[in-house]
Amino acid sequence: MKSEPDAFSIDDLERVKVEPWNGVRNYQARNYMRDDMKVGDPVLFYHSNAAKETGVAGLAKVASKPYADPTQFDPESDYYDPKATPEEPRWFLVDVGFVEKFPQVLLLEKLKANAPLLGEDFVLIRKGNRLSVAPVTAEQYKSVVKLSKTKRS
DNA sequence: GCCAACGTTGGC
DNA sequence: GCCAACGTTGGC
C-alpha cells in the first residue's frame, strides 16, 4: 500500500496505530481491498513521491474487514462521490494497522537492484505502476523483509 | 517542472 | 464500442 509521506507517512501510522485507508478512487485498487484483503494480511508500507527516500518504509497489516468508505457520502469531503449511496456504496476500504518501521527506508533503487530476486513482475518496480493498493506474493514479501535488514552500501 | 503511463469521460 | 481529450500518478 502506497502513501505520499507528506500526506501520511509510516510515522503517522505509528502514532495513530490504525488508519482507515480512505480516499482510494480507483476501481482496481478498490477491488483488491474489497475482494482480496483479510484481517491480519501483511502489508508493505510504501512511501511514494517522496522528496527523497522513496521506497518501502515499514510493515503494516490489514486491521479490519472491508467496509464502505464513509468519505464517499460526505459532501464536505474531497473524496465525495455523488453517485454513491449508503444502499449502493461504490468505494470500499480496510483499516491499516501499524506493525513496524524499518530502521532505514528500503529504497526503490535497491528494489530495482534486486529485480532478479523479487521477480521482474514485482509491482513496485514494474513500469507504469500507479495503483495505490496492489498485491505481492508471499515470496516477494519475505524477500522485501529480508532486504530491509541488509545494510545500505 | 517534465514526461511516461496509465484510467476515466464523453461524443459519436 | 471506439477513441480523443483530459486528469492523475509517480519517478526523476
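Every chain is numbered from 1, with letters handed out A, B, ... down the list of sequences. Predicted model, so just to flag it, every value in this text is computed and none were measured.
A/Glu109 has its CD atom 12 Å from the C1' atom of C/dC12, to the nearest Å. Distance, A/Leu124 CG to C/dG11 P: 9 Å, rounded to whole Å. In this structure, the OH atom of A/Tyr46 is 8 Å from the P atom of C/dG10, given to the nearest Å. Distance CG (A/Leu108) to C1' (C/dT9): 14 Å, rounded to an integer number of Å.
Note on residues 132-146 of chain A: no pairs pass salt bridge (Lys or Arg N to Asp or Glu O under 4.0 Å), not counting sequence neighbours. Legend: ring pair (Phe, Tyr, Trp, His ring centres under 6.0 Å) pairs involving residues 31-78 of chain A, not counting sequence neighbours, sorted by first then second residue: A/Trp21-A/Phe45, A/Phe45-A/His47. Applying the ring pair (Phe, Tyr, Trp, His ring centres under 6.0 Å) test to residues at least two apart or on different chains, none of the pairs has a partner in residues 94-135 of chain A.
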How does protein reach along nucleotides 1-8 of chain B, written 5' to 3' as B (base within reach of a heavy atom under 4.0 Å), S (only sugar-phosphate), or - (no contact)?
----BBSS
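A/Lys112 meets the side-chain contact (heavy atoms from CB on, under 4.5 Å) test with A/Leu108, A/Ile125; sequence neighbours excluded. A/Trp91 meets the side chain to side chain donor-acceptor pair (under 3.5 Å) test with A/Asp81; sequence neighbours excluded. For A/Ser64, there are no side chain to side chain donor-acceptor pair (under 3.5 Å) partners at least two apart in sequence or on another chain. Considering only residues two or more places apart in sequence or on other chains, A/Asp41 meets the salt bridge (Lys or Arg N to Asp or Glu O under 4.0 Å) condition with none of them.
Within 4.0 Å of A/Lys112, counting heavy atoms only, lie sugar-phosphate atoms of the nucleic acid but no base atom.
Contacts between residues 68-86 of chain A and DNA chain C, defined by a heavy-atom separation under 4.0 Å, are absent.
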Could you give me the CA-CA distance, side-chain angles and deciding distance for A/Asp69 and A/Arg30, then say whether side chain to side chain contact (heavy atoms under 4.5 Å, CB included) is met?
CA-CA 10 Å; A/Asp69 182 344; A/Arg30 175 204 69 182; over 6 Å; no
